[in-house]
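Below is one structure, written out as structure tokens; the observations come after it.
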Amino acid sequence: MAVLALENNYYRLESWQPAGDGAVFRVALLSDSEVYRGHFPGRPVCPGVCHIELVRQCAERLAGQRLRIRTVALCRFPAMASPASCPQAEVCVRISPSTEGFAVNATLQSGGKTLLEFKGEMSV
């Protein structure tokens, strides 16, 4: 399985702190990422797949082990993000044990806007 090397290439983890059954991760979106050269030059837009991978990587920190996305029950992108308009973001992730691994609920927010809503299952 190929893994996108996003940490320190697409985003930088600034901090994270536990919150109930999850955590809040503060990240900086790196405007000089290779991702934006193709998506889209001169008008960079954050690709949805990179947001989903960011959620997976944050869930791994909470689980303390490598995870893969097993199912996606909900994945919405209510607002478009770019590194210029959203240089800082918060990833709120909640995980709970399930029969196949972990149920994961997450949002990605910046400046009062929700950029991603995710619900799904991840497993080892």
Side-chain angles (χ1 to χ4, degrees):
M1 166 180 34
V3 176
L4 297 171
L6 295 184
E7 189 169 4
N8 298 319
N9 290 311
Y10 176 73
Y11 74 92
R12 181 179 54 250
L13 180 62
E14 300 287 310
S15 67
W16 71 286
Q17 60 187 41
D21 57 351
V24 176
F25 298 83
R26 289 181 178 73
V27 299
L29 297 176
L30 305 175
S31 61
D32 60 347
S33 172
E34 287 283 327
V35 169
Y36 301 118
R37 292 200 181 125
H39 207 267
F40 297 96
R43 293 194 56 150
V45 175
C46 299
V49 69
C50 291
H51 287 337
I52 295 168
E53 177 62 11
L54 172 56
V55 165
R56 188 192 66 77
Q57 290 178 7
C58 291
E60 282 184 341
R61 286 184 186 271
L62 284 173
Q65 57 190 320
R66 298 257 320 148
L67 297 175
R68 65 180 180 84
I69 297 173
R70 182 172 169 74
T71 61
V72 177
L74 171 76
C75 186
R76 291 180 10 133
F77 300 94
M80 189 177 341
S82 78
S85 64
C86 306
Q88 303 286 320
E90 286 188 350
V91 186
C92 301
V93 180
R94 291 180 323 190
I95 65 171
S96 57
S98 70
T99 57
E100 299 295 330
F102 297 96
V104 178
N105 292 302
T107 59
L108 175 64
Q109 300 177 330
S110 180
K113 295 187 299 186
T114 299
L115 309 172
L116 168 68
E117 296 171 352
F118 177 92
K119 291 182 183 182
E121 294 269 336
M122 296 187 191
S123 61
V124 180

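If you read the sequence from its start, that first residue is 1, and numbering goes on from there.
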message = Among Leu29, Leu108, Leu115, Val35, which residue satisfies the side-chain contact (heavy atoms from CB on, under 4.5 Å) criterion with Cys46?
response = Leu29

message = Show every salt bridge (Lys or Arg N to Asp or Glu O under 4.0 Å) that has at least one partner inside residues 90-111, sequence neighbours left out.
response = Arg26-Glu90, Arg70-Glu100

inquiry  = Nearest 0.5 angstrom please: Thr107 OG1 to Phe118 CZ, how far?
reply    = 12.0 Å

ask   = Run the side-chain contact (heavy atoms from CB on, under 4.5 Å) check on Cys75 and Leu116 step by step: do they pass?
value = CA-CA 7 Å; Cys75 186; Leu116 168 68; 3.9 Å; yes

task = Check whether any side-chain heavy atom of Asn9 lies under 4.5 Å from a side-chain heavy atom of Glu34, and answer yes or no.
result = no

message = Determine whether a donor-acceptor pair (N or O, by modelled atom type, separation under 3.5 Å) exists between the side chain of Ser82 and the backbone of Ser85.
response = yes

query = Considering all heavy atoms of both residues, which atom of Ser31 and which atom of Tyr36 are nearest to each other, and what is their separation?
reply = O-CD1, 3.6 Å

query = Shared ILVMFWY cluster between Leu54 and Ile69, side chains joined below 4.5 angstrom?
reply = yes

message = Can you confirm whether Tyr11 sits close enough to Cys50 that some side-chain heavy atom of one is under 4.5 Å from a side-chain heavy atom of the other?
response = no

inquiry  = Please determine whether side-chain contact (heavy atoms from CB on, under 4.5 Å) holds for the pair Arg12 and Leu30, giving the CA-CA distance in whole Å, both sets of side-chain angles, and the decisive distance to 0.1 Å.
reply    = CA-CA 7 Å; Arg12 181 179 54 250; Leu30 305 175; 3.3 Å; yes

SB check Glu117 Lys119 (cutoff 4.0 Å) = no

key: Sequence-distant partners of Ser123, side-chain hydrogen bond (donor to acceptor under 3.5 Å, both in side chains), two or more places apart   = none

inquiry  = Looking at every heavy atom in both Gly48 and Phe77, which two are closest together, and how far apart are they?
reply    = CA-CE2, 3.5 Å

task = I would like to know whether Phe25 and Arg61 meet side-chain contact (heavy atoms from CB on, under 4.5 Å); could you show each step before the answer?
result = CA-CA 10 Å; Phe25 298 83; Arg61 286 184 186 271; 3.7 Å; yes

request  = Keeping the roles fixed (side chain from Thr71, backbone from Gly120), state whether a donor-acceptor pair exists under 3.5 Å.
outcome  = no

query = Of the options Arg56, Gln57, Met122, which is the one that meets Arg66 in a side-chain contact (heavy atoms from CB on, under 4.5 Å)?
reply = Arg56

request  = Taking all non-hydrogen atoms of both residues into account, name the closest pair between Tyr10 and Pro47 and its distance.
outcome  = OH-CD, 3.9 Å

inquiry  = Could you measure the distance from the CG atom of Leu6 to the NE2 atom of His51? Nearest 0.5 Å is fine.
reply    = 11.0 Å

query = Is there a side-chain contact (heavy atoms from CB on, under 4.5 Å) between Leu62 and Trp16 once you walk through the steps?
reply = CA-CA 10 Å; Leu62 284 173; Trp16 71 286; 3.9 Å; yes

